[in-house]
Amino acid sequence: MDRTVPARTLLEPIPAHRTAGIEVVRAADAAAEVAVRTPPELANVIGSLHSSGLVALIDATGLAAIIAAAGDDGGMEGVVPLGRSASVEFLAPARGRLLASCRLTDAARDAPRPLWTREADRVRLSTDVEVADASGAPVCRGSFEWSVRRR
C-alpha cells in the first residue's frame, strides 16, 4: 500500500526535517526512500552534511518505513514514535543530493501490528537505513531503536 502522502504529511512539517530539507520520495509496503540536498546551513567543516543532518535523514527514513507499514490512514492516529538509541557509521563525505532507504525486516514489520490494531499501547522495533549520494555511492548507514506508543 502506498503511504507516501501520509508520510509526507507527518514528517516534512517537523522543524528539524524542514531545516534539513527532508523530502519523502516514497513510502510503501514497509519501505521508504527519503531525500535531502545538503543545505549550506547544515554543512560541517569540510562542506559535507553535518552528522546532525545525517541523523535527521536516518530518523525520517526509518519513520517513513514505519508509516509505510501502518496500513490505513488511521493506523498512525495518536501514535508517538520515540528513538531509544541510534548508531551511525560514516563511510564518505555526504555531499549534494542524498537518498536514504529503509526496508523493515519481517520482525520490524510485525512488531507494530498490535499497536495498529489497538491490542497494545507500546511496541519496540528497529530500523536500518542506508544513505547514498547522487552517484549511488554509500556515504553512511545508521540504525534506530524505537519505542512506539499510542497516546
Novice: With a cut-off of 3.5 Å and sequence neighbours excluded, list every side-chain donor-acceptor pair involving residues 134-144.
Specialist:
{"from": "S135", "atom 1": "OG", "to": "D133", "atom 2": "OD1", "distance (Å)": "2.7"}
{"from": "S135", "atom 1": "OG", "to": "A137", "atom 2": "N", "distance (Å)": "3.4"}
{"from": "R141", "atom 1": "NH1", "to": "E89", "atom 2": "OE1", "distance (Å)": "2.9"}
{"from": "S143", "atom 1": "OG", "to": "S87", "atom 2": "OG", "distance (Å)": "2.9"}

Novice: I'd like to know if V55 and L42 are part of one continuous hydrophobic network [Ile/Leu/Val/Met/Phe/Trp/Tyr, side-chain heavy atoms within less than 4.5 Å].
Specialist: yes
Novice: Is there a side-chain contact between R149 and D121 in this structure, where contact means two heavy atoms from C-beta onward sitting under 4.5 Å apart?
Specialist: no
Novice: Please answer whether the main-chain N or O of T19 pairs with a side-chain N or O of E41 as donor and acceptor at a distance below 3.5 Å.
Specialist: no
Novice: Is there a donor-acceptor pair under 3.5 Å between the side chain of S48 and the backbone N or O of R95?
Specialist: no
Novice: Please answer: with hydrophobic residues joined when any side-chain heavy atoms are less than 4.5 Å apart, are I58 and I14 in the same cluster?
Specialist: yes
Novice: For V24, does its backbone N or O pair with a side-chain atom of R8 as donor and acceptor, under 3.5 Å?
Specialist: yes
Novice: Output every pair passing ring pair (Phe, Tyr, Trp, His ring centres under 6.0 Å) with a member in residues 28-61, not counting sequence neighbours, ordered by first then second residue.
Specialist: none
Novice: Within a radius of less than 6.0 Å around CZ of R84, do more than 12 heavy atoms belonging to other residues, nucleotides or ligands occur?
Specialist: yes
Novice: What's the separation between atom CG in L99 and atom OG1 in T61, rounded to the nearest 0.5 Å?
Specialist: 8.0 Å
Novice: Please check if the side chain of R124 supplies one atom and the backbone of V148 the other of a donor-acceptor pair under 3.5 Å.
Specialist: no
Novice: Within this structure, what is the CG-CD distance for the pair L98 and E23, rounded to the nearest 0.5 Å?
Specialist: 12.0 Å
Novice: Is it true that S126 and W146 share a donor-acceptor pair across their side chains at a distance under 3.5 Å?
Specialist: no
Novice: From D110 CG over to L125 CG, what is the distance, rounded to the nearest 0.5 angstrom?
Specialist: 10.5 Å
Novice: Look only at the side chain of T4 and the backbone of A27, and say whether a donor-acceptor pair between them is shorter than 3.5 Å.
Specialist: yes
